[in-house]
Amino acid sequence: MNCEQVRELEAAFALGALDDDERRAFVEHVRGCGEHHELADHLAVAVLLGAGEAERLPPPALRARIMESAGAPAATPVWRRWQWLGAAAAVVVVAATAALAFAGRIDGDGTQPYVHEFATDGGLSVRVEARYDERRTQVTFRGLDQGGEYEFWAIRGDEWLSVGQFSANPEGRWAGEFNFPIEPDDSICLTERATGTPDSPFGEPLFIEPLGPA
Amino acid sequence: MTTPAVAFQVLGLRLARRERAALAELYDACSGRAFGLAYRLLGDGPAAEDVVHDAFLWIWENADRINPERGSVEALLLTVTHRRAIDQLRRRRRARVELQGGRPCPEPEAGDEAIAVIAAIDDEAARGRVHSALAGLNAEQREAIELAFFAGMTHREIADARQLPLGTVKSRLRLAMGRLRAALIAEDIR
């Protein structure tokens, strides 16, 4: 296909009216040719034609289906594969076993903690200070929603372990210590409980961050 | 203040960095529009759901190839949704032909062209202008656009269905799109 033929077919291409062979030949030409500037306008028109259609609410399960399909196996929350009543019960059990405590500052005792600080694109600033041998981790969050309710997770293999829940203060900050045996190979994750639905009560992860060596 | 266009650009960058939360945000912002478009073409909820699922997955799997400066991720999603829906429509037609004794055709490679070239317009007003211009086309041109874009017919199929020379259908599509494009550009320059 040459430039003239491509120009003649730009409108049909943008509308999706080429047959498969024409479409392949068209794309092949355009990929190697910088001469078809009007094509962008035609595509913009086609996008607007599509965008002008009435919105329609998709089935509620579609969101979870897409997120499930998009998840790498290691990052797929186990709780997505559970029945939700079972999941809620399991989370309660894990949380109870973890003996969650918000104990304020860690006292210095000579052992070297693993310290990791990072920021997310959503504006969260996170500082983690993990003392693996003592099974306690101090975490500071800034940039949370004021008074928002959150759940902090450790991801171990394909298991999601609830480390604890907390509420941000009016400044969108929370700091505290979890008495939970986080391990160097774990990833940590935060979810916002308020955005959850009956199908997914903990909402989508605000971040998933790997930890590091002791 | 962040404009929707900028917000979608940022979303594209976050998708390229493999942030699953960005995919969820894209879904929350655009799923109604994508599903509405797929449903309009297919007239079938489960099929539209599959198309929208595949379109979001395509965006996710190709996120590292998306250049947000060349077009918004919303525009790309709608383009892929439209292409997928058209492919679905054509598969149905082929299946009917096959049942009637015809030969099956190879599966198309949906979506690839959306990476090659994509334009972005994140503007409600522009959307309205294009639809006003569409309403202002003559009946033949409007029908050509409807059959191509919303019924998923190729220009050859339109020519066969309307018993017109292929060149006439190509001309109608070209003139119609030229008018829609002119309306868009004129407003952009103003």
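Bear in mind the structure is a predicted one, so any value in this text is a computation, not a measurement. Chain A is the first sequence line, chain B the second, and so forth, proteins listed ahead of strands; every chain is numbered from 1.
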**Message:** Please determine whether the number of non-hydrogen atoms from other residues, nucleotides or ligands lying under 6.0 Å from atom CZ of B:Arg40 exceeds 12.
**Reply:** yes
**Message:** Has A:His29 got a side-chain atom pairing as donor or acceptor with A:Met1's backbone, closer than 3.5 angstrom?
**Reply:** yes
**Message:** Is it the case that atom CD in B:Glu25 sees more than 12 heavy atoms from other parts of the structure closer than 6.0 Å?
**Reply:** yes
**Item:** B:Asp28, part contacting chain A, at a heavy-atom distance under 4.5 Å
**Value:** side chain
**Request:** Would you check, one step at a time, whether the test salt bridge (Lys or Arg N to Asp or Glu O under 4.0 Å) holds for B:Asp50 with A:Arg65?
**Result:** CA-CA 10 Å; B:Asp50 285 345; A:Arg65 185 181 156 205; 3.0 Å; yes
**Prompt:** Checking heavy atoms, do the side chain of B:Glu19, its backbone, both or neither come under 4.5 Å from chain A?
**Reply:** side chain
**Request:** May I ask you to establish whether B:Arg18 and B:Trp60 are in a cation-pi arrangement, using a distance under 6.0 Å from NZ or CZ to the six-membered ring centre and at most 45° from the ring axis?
**Result:** yes
**Request:** Name the region of B:Leu180, side chain, backbone, both or neither, that has any atom closer than 4.5 Å to a heavy atom of chain A.
**Result:** both
**Request:** Enumerate by number any residue of residues 135-143 of chain B whose heavy atoms lie under 4.5 Å from heavy atoms of chain A; in the absence of such residues, state 'none'.
**Result:** none
**Message:** Testing the basics here: between A:Ala175 and A:Thr140, what is the closest heavy-atom pair and its distance to 0.1 Å?
**Reply:** CB-OG1, 3.8 Å
**Request:** Take B:Arg84 and B:Asp87 through the test salt bridge (Lys or Arg N to Asp or Glu O under 4.0 Å) and record every step on the way to the result.
**Result:** CA-CA 5 Å; B:Arg84 295 265 164 173; B:Asp87 289 338; 5.6 Å; no
**Asked** Quick one: of A:Ala12, A:Gly16, A:Gly122, who has the most non-hydrogen atom pairs under 4.5 Å with chain B?
**Response** A:Gly16
**Prompt:** With under 30° as parallel and over 60° as perpendicular, where do the rings of A:Tyr132 and A:Tyr114 fit, or are they tilted in between?
**Reply:** parallel
**Message:** What part of B:His53 gets within 4.5 angstrom of chain A, counting heavy atoms only: side chain, backbone, both, or neither?
**Reply:** both
Donor-acceptor contacts, no H, no angles, side chain residues 148-157 of chain B, under 3.5 Å, sequence neighbours left out:
residue	atom	partner	partner atom	Å
B:Thr154	OG1	B:Arg156	N	3.4
B:Thr154	OG1	B:Glu157	N	3.1
B:His155	NE2	A:Glu22	OE1	3.0
B:His155	NE2	A:Glu22	OE2	3.2
B:Arg156	NE	A:Asp19	OD2	3.1
B:Arg156	NH2	A:Glu22	OE2	2.7
B:Glu157	OE1	B:Arg93	NH1	3.2
B:Glu157	OE1	B:Thr154	N	2.8

**Request:** Please state whether the side chain, the backbone, both or neither of B:Leu173 comes within less than 4.5 Å of a heavy atom of chain A.
**Result:** both
**Message:** Which one wins on heavy-atom pair count under 4.5 Å against chain A: B:Ala21, B:Ala22, B:Ala24?
**Reply:** B:Ala24
**Request:** Could you tell me the separation between the OG1 atom of A:Thr120 and the CD1 atom of A:Ile208, rounded to the nearest 0.5 Å?
**Result:** 12.5 Å
**Prompt:** Quick one: of B:Gly32, B:Ala34, B:Gly36, B:Ala133, who has the most non-hydrogen atom pairs under 4.5 Å with chain A?
**Reply:** B:Gly32
**Request:** Counting only heavy atoms closer than 4.5 Å, note whether A:Leu57 contacts chain B via side chain, backbone, both or neither.
**Result:** backbone
**Asked** When heavy-atom pairs shorter than 4.5 Å are enumerated against chain A, which of B:Arg174, B:Glu49, B:His82 gives the highest number?
**Response** B:Glu49
**Asked** Can we call the ring centroids of A:Phe141 and A:Tyr150 under 6.0 Å apart?
**Response** no
